[in-house]
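The sequence lines fix the lettering, A, B, ..., with proteins before strands; numbering per chain opens at 1.
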Amino acid sequence: MPRVSRSLNPGYETQEMPRASMTRSTQWLHAWLLLLPAMALLALFTHYPAVATLWHSFFSTPKGARPAVFVGLDNYRQLTEDPVFWQALTNNLWFALGTIPASIAIALLMAVWVNGNVAGRGFLRLAYFTPTVLPMIAVANIWLFFYTPEYGLLEKALGGLGFQTHNWLGSKSTALACLMVVTVWKEAGFFMIFYLAALQSMSPHLADAAAIEGASRWHFFRRVTFPLLMPTTLFVLVNAVINAFRLVDHVVVMTRGGPDNATSLLLYYIYEIGFRFWDSAYAAALTMVLLAILGLAALAQFWFLDRKVHYQ
Amino acid sequence: MSVLLSTDMFTLIDEDAIVPFDPLLRTPEDQAWVKGFYPAFMENSQTGGNIWGIPFQRSTIVLYWNKEMFKEAGLDPNRAPATWKEMQEYAQKLTRRDASGKVTQWGVQIPSSGFPYWLFQALTTENGVPLMNAAGTETYYDKPEVIEALQYWVDLARKYKVHPEGVVDWGTTPKDFFERKMAMMWTTTGNLTNVKNNAKFDFGVAMLPANKRRGSPTGGGNFYLFKQSKPEQQAAAFKFVKWITAPQRAAQWGIDTGYVAVRPDAWETPAMKKYVAEFAPAAVARDQLQFAVAELSTHDNQRVTKALNDGLQAALTGTKTADQAMKDAQREAERLLRSYKK
């Protein structure tokens, strides 16, 4: 273990740890052994499947007695000509646009609100976090009845205000928006927890100083709180982007990708191709597209936002 | 061994996943036994001279109607519509709107989420046209009678306004019925026990209305034997299949769920006879079997069916005309089936 220079860490004691007998190679061995379980899991469940998927996407689907044959870029060509794929991709991008800013904004607002000295804030925090805890399949079934035309909860509320009945999940124009609402409802509580933790770790001196200076609450939020929350925002943003592509349980339960592929999301389409049609080669090609999108999103976020984030 | 959709027969054969039952039907009793199932159910169970599936939980679509609403509308509560024209006319009398013009009660509801092709096949059968050939290599989505059938469905919503617009959810349709949201619904006979337990009003069950003829597709699942099983396992599976489709058990299954007991001798058991005497609707789906046809089933079944599903949903939501939707669906199906037409 190298000695840390005294000037950097005044409190550090300079006595050596009782490992003077270890050689460098033993240290290396220990290091690799410690890394091995995590690395094995990562390789087995992430890297190997990714490489295998890439490999399989260049072959055709094996069917029964017929083995897979090399077809080069055929699956990708099929992808570009497939209107349902483009529909699913467009849907997913709209879905991301609709859920990411909304869930983050709501989470931030909720966190700021329940951070203060509000009466019953423990209960409020519980109420906000409950959607996250409930399994998506179960709540999606409940939301299905919320959206039911005529006697669903939403219809009753709108009917009371004099609106006409509407087939929310059965119309191409509103089905995707309805799913977005369910997603935001589910995610916002989860992100709120992270913001709440970050807010509570903020020094109270900052608020006091702002009060003394006479800064308005909005000014304080915009110039002090929000920039200090940037690490959390980055983390939450990465999560939100992943979720926008990952959460398809509600599609399975509520619309099955319909009406006419209006709510088909990329991962749902991959599931349909891979496990309903059993076209594993085409599903592999689609998976590579999804991986590419997520990879680019991750790169963009870490490169772009990292510049704006101040770490304490 | 497993219970899987009867329509996936071709796909399972192509995947080399199943073996036919014929090698196991050695004794004369077994051969007689296998002939004891309703022929309508065996249509999706046989191909190429082999028996690939044994019917287990099979159904047809039936029309449920709310007798109270019929009476309120001045219709004979004990008579269901027998033709397409009657159904449309009854539905017009049964649709109620409130003062602001909002519909409070629909005349008829045919679900179209998830697998609209199944309910659509009832309409096409009633219009006298098949949707595919027996070998599962061709589809006929763009035949004029098929487009006509789709137009009737679309018109119910858009022209006559007696049916909800857009895609109607399958799962919430029975509850809609209980909530008196509509007077007539088309759904599986498998929902019969559910409706019996939950409808707080007098209801009737009838065969679907005819146009050129009566008709319904069959539905549901068969037993299949998997290829990757040892001979002892296959023998045991066969024994189980024979046991569970025995008349008294098939009858019990039918009573408990509403699925059609798959053998005529099941309907002759005392338990079933008693049930039918007390609850006549139980026999409607069975009586409809004489008009039933094989469910839509082709090679690469799920995808070929999805082409039709998408087209139906496009027409029902008004995105495409019935004509365009079916022509597009047919083109897609032909593309998918090209490699199987040898």
Side-chain angles (χ1 to χ4, degrees), chain A residues 60-67 78 81-84 87 140-152 155-156 158-159 161-175 252-264 269 272-280 282, chain B residues 8 11-18 97-98 100-106 109 111-116 157 164-173 175-176 178-182 227 299-307 309-320 325 328 332 336 339:
Chain A
S60 68
T61 307
K63 258 203 186 307
R66 217 171 55 196
Q78 186 185 353
E81 291 164 6
D82 184 359
V84 183
Q87 172 91 40
N141 272 294
I142 300 175
W143 274 94
L144 192 62
F145 281 95
F146 280 0
Y147 282 128
T148 308
E150 299 293 314
Y151 64 84
E155 288 279 297
K156 288 223 160 100
L158 291 179
L161 296 170
F163 285 92
Q164 284 280 3
T165 183
H166 185 85
N167 190 349
W168 298 99
L169 290 174
S171 319
K172 294 184 82 160
S173 49
T174 51
V252 174
V253 172
M254 295 170 86
T255 58
R256 305 283 218 87
D260 190 24
N261 299 312
T263 55
S264 188
Y269 190 48
E272 216 178 25
I273 299 281
F275 295 101
R276 224 173 102 197
F277 306 156
W278 298 105
D279 192 353
S280 49
Y282 188 46
Chain B
D8 278 334
T11 308
L12 288 166
I13 296 172
D14 291 335
E15 294 279 340
D16 210 19
I18 54 175
R97 292 182 167 78
D98 65 12
S100 65
K102 187 171 108 118
V103 173
T104 52
Q105 182 182 303
W106 293 101
Q109 189 163 307
S112 40
S113 75
F115 41 89
E165 280 198 37
V167 168
V168 173
D169 190 70
W170 167 270
T172 55
T173 291
K175 185 136 209 300
D176 294 347
F178 307 148
E179 296 282 324
R180 295 184 166 85
K181 188 190 140 186
M182 91 302 250
K227 187 168 183 185
H299 291 270
D300 206 3
N301 185 54
Q302 294 287 341
R303 257 185 157 144
V304 172
T305 306
K306 181 174 160 69
N309 283 339
D310 287 350
L312 293 172
Q313 288 186 337
L316 289 166
T317 53
T319 322
K320 290 186 187 171
D328 290 346
E332 176 70 7
L336 290 163
S339 53

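- Taking A/Gly152, A/Gly258, A/Pro149 one by one and counting their heavy-atom pairs under 4.5 Å with chain B, the maximum is reached by A/Pro149.
- Of the listed residues (B/Val103, B/Asp16, B/Asp310), the greatest number of heavy-atom pairs within a distance under 4.5 Å of chain A belongs to B/Asp310.
- For chain A, the option among B/Ile13, B/Asp176, B/Asp8 with the highest count of heavy-atom pairs below 4.5 Å is B/Asp176.
- In this structure, OG on B/Ser112 lies 11.5 Å from CG on A/Asp260, to the nearest 0.5 angstrom.
- B/Lys102 touches chain A through backbone and side chain together, each having a heavy atom under 4.5 Å away.
- Rounding to the nearest 0.5 Å places CG of B/Asn301 at 9.5 Å from CZ of A/Arg276.
- Contact of the B/Lys306 side chain with the A/Phe277 side chain is registered, since non-hydrogen atoms from C-beta on lie closer than 4.5 Å.
- With hydrogens and angles ignored, the 3.5 Å screen pairs a side-chain donor or acceptor of A/Asn167 with a backbone N or O of B/Glu165.
- Neither the backbone nor the side chain of B/Lys227 has a heavy atom closer than 4.5 Å to any heavy atom of chain A.
- With sequence neighbours left out, A/Asp279 forms a salt bridge (Lys or Arg N to Asp or Glu O under 4.0 Å) with B/Arg303.
- Residue contact with chain A, scored on non-hydrogen atoms closer than 4.5 Å, is absent for B/Ser113.
- The two atoms that bring B/Thr317 and A/Gly170 nearest to each other are CG2-O, 3.4 Å, heavy atoms only.
- When side chains are defined from C-beta on, B/Asp169 does not count as touching A/Arg256, because their heavy atoms never get closer than 4.5 Å.
- A/Phe163 touches chain B through its backbone: at least one of N, CA, C or O sits under 4.5 Å from a heavy atom, while the side chain does not.
- With sequence neighbours left out, the salt bridge (Lys or Arg N to Asp or Glu O under 4.0 Å) criterion links B/Arg97 to no other residue.
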